Every structure is written in C-alpha cells, then in structure tokens.
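Right, one structure below, let's go through it.
Please read these numbers as outputs of a predicted model, since none were measured by experiment. Each ligand, and each atom within it, is numbered from 1 in the order the structure gives. For the single chain, residues carry numbers from 1 onward in sequence order.
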Amino acid sequence: MPNTQPISPELTLKPHDFPGRLIIVEGIDGSGKSTQIRLLQRWLESMGYRVFFTEWNSADLVKKTTKKGKKKRSLTPTTFSILHATDFAHRLVTNILPPLKAGMVVLADRYVYTAFARDTVRGCDREWVRKVYSFAPKPDIAYYFRVPIEVAVKRLTQSRQVLKDFEAGMDLNLHHDSIESFRIFQGRILDEYDRMSAAHDFSVVDATANIADQQRIVRTVASKKLANYSRKPRIA
Ligand SMILES: Nc1ncnc2c1ncn2[C@@H]1O[C@H](COP(=O)(O)OP(=O)(O)OP(=O)(O)O)[C@@H](O)[C@H]1O
Ligand SMILES: [Mg+2]
C-alpha cells in the first residue's frame, strides 16, 4: 500500500524567479517520458520558443565511479545518493541554470524526483534525500506520466528486448528473474511517485493513453503555464 502521508512543506522545492521556464518529466522506466518531451520540444520550437533540452545522463565526473560501483555492487545507498546528487548539481549548474537565466524554456528529461523515488526505494531516508536536493529550483511544470507496471514492462520488452539490471533493481536481490525484479522494484518507485504527486504539484498524465492524446494534454498544460512567460516566441 502506498503511504499517502503528506510531506512537510519545508521539504518541497522553492520556486525560482529566473526569466526562463523549467519543464520536467517524470515517471517509471518505459512510461513514455522521452517520447512526450521530445514532441513537446518540437511543438514549442515550431512556435518560435527558444528551447533547451537536457536529460539525466551521468556526467563524466561521476560516470566512471557509479559504473564501477554498480558492477561490483560496492556502494551503499547513501554513497550512491550523494554521487547522483553531485552529478545532478553539475547538470544543474552547466545545463539547466544558464539557459534558465538566459530566459529560455528548459526541458528536462527526469529531475530530482527521480532521485527522491529511487534513493528512497534503495533504502535512503526520505527526508534526508529531499534535504540533499534542496538547492534545486522547483520546476514550473512537472509532468508525471503515470502508468501501471505491466504496461511499462510490455513497452520496454517490445522496444529493447532486455531490461538493464539496474533499472530492474537486480542489485537489490528482489527476485532472480529480471522481469519479476523489475515489477517489484518499479512498483515501489511507482508508489513513491504517487505519494509525491500532490505535494510537488505534479501534472499527472494518464500514460496508458495513446501518444497523440497524451501530447494534446501535455500541450494544453504547457500553453496555460506559459501564458505569463514574458519571453515571447521569436515568431508568434
Ligand atoms: N503511449 C504510448 N503507447 C505505446 N507505446 C508507447 C507510448 N509512449 C511511448 N511508447 C513506446 O514505449 C517505449 C518507451 O518509451 P519512452 O522511451 O518514451 O519511455 P521513457 O519513460 O522515456 O523510458 P526510460 O525511463 O527508460 O527512458 C518506446 O518504444 C516508445 O515508442
Ligand atoms: Mg527516456
């Protein structure tokens, strides 16, 4: 059963006052985040918005260490969490803040909520993880693509054939079969996203719907939230 206890307000992110706008996507693996944010990017660009896209792929700074740690299973959840936070801080400073300060629309494929969910499921204290990331600005829109595990499993196995050990949570020894392990691990991540949803103002999208229908909802939300954005598109 997901825990639906509210999170105290001091553990939520603070809104920013940069001239740009920050739009992020979250959801379990295979929920369709990348598909939707790429479509949103093209649509915003077609209207003349200056858009900058960034995704949570480890920077060189910590890539080697986390890779080694994953292979040898030698890192504790806390060490892992700090490494990821370092990686995120690097991404924030180099990829997110400069375009945001320059007044662009920044689209981020995964944000701190990924760490909130993953690190908690891996055994870190929920409040501690939020405090670690308290330097991150609150996004103007946080889409949460909500999908049942079975739909995600189907999409990922159809598109990639094999699930990566880490996204299946194989290092947690939940189950010897990777699909079964994925179900358990991603199920816990899903519960974490659900409990975050209200406190962090997620715009929840039913990610079982088809791609076009979801994109229509995504655009409607974006249009509303960009209504007070002072940087008008180059071509309107
Ligand atoms: N609404 C949809 N209906 C059916 N298939 C979809 C839908 N959205 C995306 N897909 C397909 O599901 C697969 C996973 O989609 P996508 O890569 O966008 O997910 P993701 O959330 O970014 O996953 P990851 O967390 O692994 O990066 C892709 O093959 C994509 O084409
Ligand atoms: Mg993706």
Side-chain angles (χ1 to χ4, degrees), residues 22-45 51-59 62-63 66-67 70 80-81 84 87-88 91-92 95-96 105-122 139 141-172 174 178-194 196-197 200 202-222:
L22 178 59
I23 301 177
I24 69 105
V25 290
E26 288 284 358
I28 61 169
D29 293 355
S31 55
K33 302 178 290 296
S34 304
T35 304
Q36 292 298 328
I37 202 169
R38 285 300 191 176
L39 289 170
L40 177 64
Q41 177 179 9
R42 271 190 247 152
W43 181 67
L44 291 171
E45 284 171 349
V51 180
F52 186 85
F53 174 81
T54 168
E55 61 191 322
W56 198 338
N57 264 344
S58 293
V62 292
K63 206 188 265 172
T66 46
K67 207 172 164 188
K70 280 176 192 174
F80 241 122
S81 183
H84 283 133
D87 192 20
F88 175 80
R91 179 185 173 219
L92 184 70
N95 284 357
I96 297 178
V105 178
V106 180
L107 300 182
D109 192 339
R110 293 189 177 280
Y111 198 60
V112 298
Y113 309 107
T114 288
F116 290 1
R118 274 190 198 157
D119 294 352
T120 304
V121 168
R122 287 183 177 280
I141 309 174
Y143 293 105
Y144 166 34
F145 293 91
R146 193 171 190 285
V147 81
I149 303 296
E150 287 315 315
V151 177
V153 170
K154 196 167 158 220
R155 285 182 191 163
L156 289 180
T157 46
Q158 275 173 354
S159 65
R160 292 205 220 123
Q161 306 300 324
V162 261
L163 294 171
K164 286 183 230 145
D165 274 6
F166 213 63
E167 67 193 2
M170 289 302 276
D171 56 308
L172 296 175
L174 299 167
S178 65
I179 302 272
E180 212 34 60
S181 178
F182 179 93
R183 280 195 183 100
I184 302 169
F185 179 60
Q186 298 289 336
R188 291 179 187 175
I189 302 252
L190 187 65
D191 288 347
E192 283 300 317
Y193 275 127
D194 283 348
M196 281 191 266
S197 195
H200 295 280
F202 287 171
S203 296
V204 185
V205 180
D206 174 6
T208 60
N210 71 47
I211 292 173
D213 285 349
Q214 286 184 60
Q215 184 60 204
R216 258 190 292 279
I217 294 164
V218 166
R219 290 178 186 182
T220 304
V221 172

- From the Mg ion (ligand 2), how many protein N/O/S atoms are found at a distance short of 2.8 Å? 1
Can you list the ligand 1 atoms lying under 4.0 Å from a non-hydrogen atom of [X]?
X	value
Thr35	9 (C), 15 (O), 16 (P), 18 (O), 30 (C)
Gln214	1 (N)
Lys33	18 (O), 19 (O), 20 (P), 21 (O), 22 (O), 23 (O), 24 (P), 25 (O)
Ala209	1 (N)

- Excluding sequence neighbours, so at least two apart, what forms side-chain contact (heavy atoms from CB on, under 4.5 Å) with Ser197? Tyr144, Phe202, Val204
- Message: Ring-plane angle category for Phe116 and Tyr113, please: parallel below 30°, perpendicular beyond 60°, tilted otherwise.
- Response: perpendicular
- Query: Which of parallel (below 30°), tilted (30 to 60°) and perpendicular (above 60°) describes Phe88 and Trp56?
  - Reply: tilted
- Can you see which heavy atom on Lys33 is nearest to which on Gly27, and at what distance? NZ-O, 3.2 Å
- Message: As an exercise, state the distance from CZ of Arg122 to CD1 of Ile189, rounded to the nearest 0.5 Å.
- Response: 7.5 Å
- Query: What distance separates Ile149 CD1 from Lys154 NZ, expressed to the nearest 0.5 Å?
  - Reply: 15.0 Å
- Nearest heavy atom to atom 3 (N) of ligand 1: which of Arg155, Glu26, Lys154 does it belong to? Arg155
- A student comparing Gly27, Ala152, Gly30 should find that the heavy atom closest to atom 23 (O) of ligand 1 comes from Gly30
- Are any of the N or O atoms of Ala207 closer than 3.5 Å to those of ligand 1? no
- Message: Which residue is it: Tyr111, Tyr193, Tyr143? I am looking for the one with a side-chain hydrogen bond (donor to acceptor under 3.5 Å, both in side chains) to Glu26.
- Response: Tyr193
- Message: Within 45 degrees of the ring normal and closer than 6.0 Å to the centroid, is that where the cationic atom of Arg38 sits relative to Phe53?
- Response: yes
- Any residue meeting side chain to side chain donor-acceptor pair (under 3.5 Å) with Arg188, in chain and number order, not counting sequence neighbours: none
- Query: Going by heavy atoms, is Arg110 under 4.0 Å from ligand 1?
  - Reply: yes
- Task: Between Thr208 and ligand 1, find which residue part has any heavy-atom pair under 4.0 Å and reply side chain, backbone, both or neither.
- Result: neither
- Pairs flagged by salt bridge (charged side-chain N to carboxylate O under 4.0 Å, His left out) wherever residues 108-120 is involved - sequence neighbours left out: Asp29-Arg110
